[in-house]
Structure formats: C-alpha cells, structure tokens
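See below for the structure under consideration.
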Amino acid sequence: MEATGTASDIRVFENAEEVARATAICFVDIAVGSISAHGRFSMALAGGSTPRRTYKLLASEEFRDRIAWPKVHVFFGDERCVPPTHADSNYRMADEAMISHLPIPLQNVHRIVGEGDAIANASLYEDDLQTFFDGAPWPRFDLVLLGMGDDGHTASLFPGTRALSERTAWVVANWVEKLNTYRITLTAPAINHAANIVFLVTGAGKAARLPEVLRGARDPQKLPSQLIQPVAGSLLWLVDKAAAGRL
Ligand code: 6PG
C-alpha cells in the first residue's frame, strides 16, 4: 500500500510508444464499456506533450473504428490562457492529433475557453459541466487522462497554488506564480469523482518525482499529483522504464 493511501495500479512499459499504445487500448476499453452501459462516453483529455502520441493512435486506422465517436463527449482537464490557435493550446494539440480526424459532433467537443478573462472562463466551463452532468453533486467522467510534470503537478494543479485546497468548485482559474499566468483547471475533487483515472508518465525527467508521488510521504502542497485519489473509481499509472527508473 503506497504512502498516499490509494492502491494505485502501476504498469511499466519499455518506452513511450508502448505507453501510448497501452493508453489507447485502455481508452478504447473504457469508451466501449461506457457507451454500452449508459449510451455515452465522457472523458477529460490531458494536455502537455506526452498524450499527443496516444491521440494520434486513436485517430489512426488501427484504432479509429473501435469506438462509436458520435457518442463521445470530449472535455479537457486544463487549459493554458491562450487562443485555440496558439501553439501552447491544449485544445489545438488534441484537435490536430485526434479530434479533427474523427466523427465527433462539434457540440460534443467542450473546449475550455483560454482566451480572455480566465476567471470568467473557468465559471463558464463549470456551467458547461454542470449542464452536462445534469445537477449531479460532482462530475462523473467515465475517464480522466492526466500527465505529471517533473515538479509533481498534474492538470494545472501546481505546487503551492490556491487550487490545491479547493473543495467545492469543479473548475478554477489558478494563478501560477512561476509561470506568471493563470491556468484553467479541473479541481482535484472534480477529477477524483471520475470512474477511471489514468496517468501517463514518460521520460527520465520524471524519474526523480515519481517515487516521491507514489511512495513518498504525503505532501500534496509539494506533490499535487498525490491529491488524485478516486472517491469511487480506478486509478492507473502507465509509465515507461525511463520514468520508473527509481521506483
Ligand atoms: C498541461 C498539462 C500538464 C501536463 C504536465 C506534463 O497543460 O501542461 O495538463 O499537467 O500533463 O505538465 O506535461 P508533458 O506531458 O509535456 O511532460
């Protein structure tokens, strides 16, 4: 049992390509199961660079016909405060790698508005989620994909930031001093009410932090990824040997 209190399932793969493939297979399994169970699949995509390969695989010949994409609802775990055309936009990354290549109805793609007033955009996104999850006390995504930064952050829950102690909001505009900007992010409780949470973590740059997050003393202010503990769902870590080097 890890020091963080949640029994995480950790799977180590040879390299980043194998992690991307395992994530795509896991994504398909949960999507097919969710659609047959309740007629739709709601998921929140991870940003950053690691998931791009997974998204490309899901849009590829090999995977694209395994999911009824018209029944898929795409949300985002977090967004940078930039327009959707900006190189730093998580929406742009996911759109170029996957969304624009698949028959997902436009109204099923729930982009976080990154341009303009971050605080207003965060509440706009919370309204969108509240409508979609139809008055539920918390959102219950079928799947939330997450990455982890080499500082232990996930989504845009950065060390020492206000969002870490959020207990009621689903989405916040989180001021990140070290980036000198706001980030719009799902809160930990909103993530933790998901049915399935999958972290994908690759590269030697993450090797120092991963053991601290998974096996170290509980200190979520320093290691926000430790906040991710499903209330009633599964937690899976898909990592490569380089990231798992010190586990
Ligand atoms: C973001 C992400 C962030 C990301 C980590 C890891 O918007 O940047 O949501 O939480 O998952 O920073 O990023 P890499 O995959 O690029 O290492």
Side-chain angles (χ1 to χ4, degrees), residues 13 15-20 22-24 27 43-57 74-84 86-98 110-115 118 121-122 125 141 143-161 163-164 166 171-188 190-192 194 197-210 212-214 220 222-228 235-240 242-245:
F13 296 88
N15 52 44
E17 177 64 20
E18 286 193 16
V19 169
T23 309
F27 184 107
M43 45 91 177
L45 295 177
S49 57
T50 307
R52 186 197 312 272
R53 179 66 186 139
T54 296
Y55 300 159
K56 284 183 178 254
L57 280 171
V74 180
F75 293 89
F76 290 81
D78 69 324
E79 187 57 282
R80 293 88 180 270
C81 290
V82 294
H86 192 284
D88 292 347
S89 163
N90 285 335
Y91 168 79
R92 177 178 163 183
M93 181 273 287
D95 186 53
E96 288 176 352
M98 180 176 78
H110 305 259
R111 177 175 80 87
I112 296 177
V113 178
E115 64 279 18
N121 290 336
Y125 203 61
F141 293 102
L143 172 64
V144 174
L145 286 179
L146 294 172
M148 185 193 81
D150 55 16
D151 61 357
H153 83 263
T154 190
S156 281
L157 302 170
F158 283 84
T161 58
L164 302 184
E166 184 55 53
V171 184
V172 294
N174 192 26
W175 178 256
V176 184
E177 192 62 39
K178 71 174 184 181
L179 301 176
N180 193 32
T181 184
Y182 276 104
R183 287 281 194 94
I184 299 172
T185 184
L186 293 177
T187 60
I191 294 168
N192 284 336
I197 302 171
V198 175
F199 275 93
L200 47 166
V201 181
T202 63
K206 313 281 169 78
R209 208 63 66 207
L210 200 54
E212 293 179 7
V213 167
L214 293 172
K222 189 172 135 246
L223 302 164
S225 292
Q226 287 185 336
L227 283 173
I228 306 307
L235 176 59
L236 176 62
W237 291 77
L238 303 176
V239 306
D240 69 357

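This chain uses plain numbering: 1 for the first residue, then up along the sequence. Read the numbers this way: they start at 1 and go in the same order the structure lists the ligands and their atoms.
Taking 4.0 Å as the cut-off between side-chain N and carboxylate O, Arg209 and Asp150 do not count as a salt-bridged pair. Looking at Arg53 and Glu17, a side-chain N of the basic residue comes within less than 4.0 Å of a carboxylate O on the acidic one, giving a salt bridge. A salt bridge links Lys178 with Asp151: the distance from a Lys NZ or Arg NE/NH1/NH2 to an Asp or Glu carboxylate oxygen falls below 4.0 Å.
Ligand 1 is surrounded by Gly47, Gly48, Ser49, Thr50, Asp78, Arg80, Asn90, Gly147, Met148, Gly149, His153, Thr154, Ala155, Arg183, Lys206, each with at least one heavy atom closer than 4.0 Å.
Between the side chains of Asp78 and Ser156, at least one donor-acceptor pair of N or O atoms lies under 3.5 Å. The closest side-chain donor-acceptor pair between Asn174 and Thr185, if any, does not fall under 3.5 angstrom.
Here the side chain of Ser89 pairs no donor or acceptor atom with the backbone of Val82 at under 3.5 angstrom.
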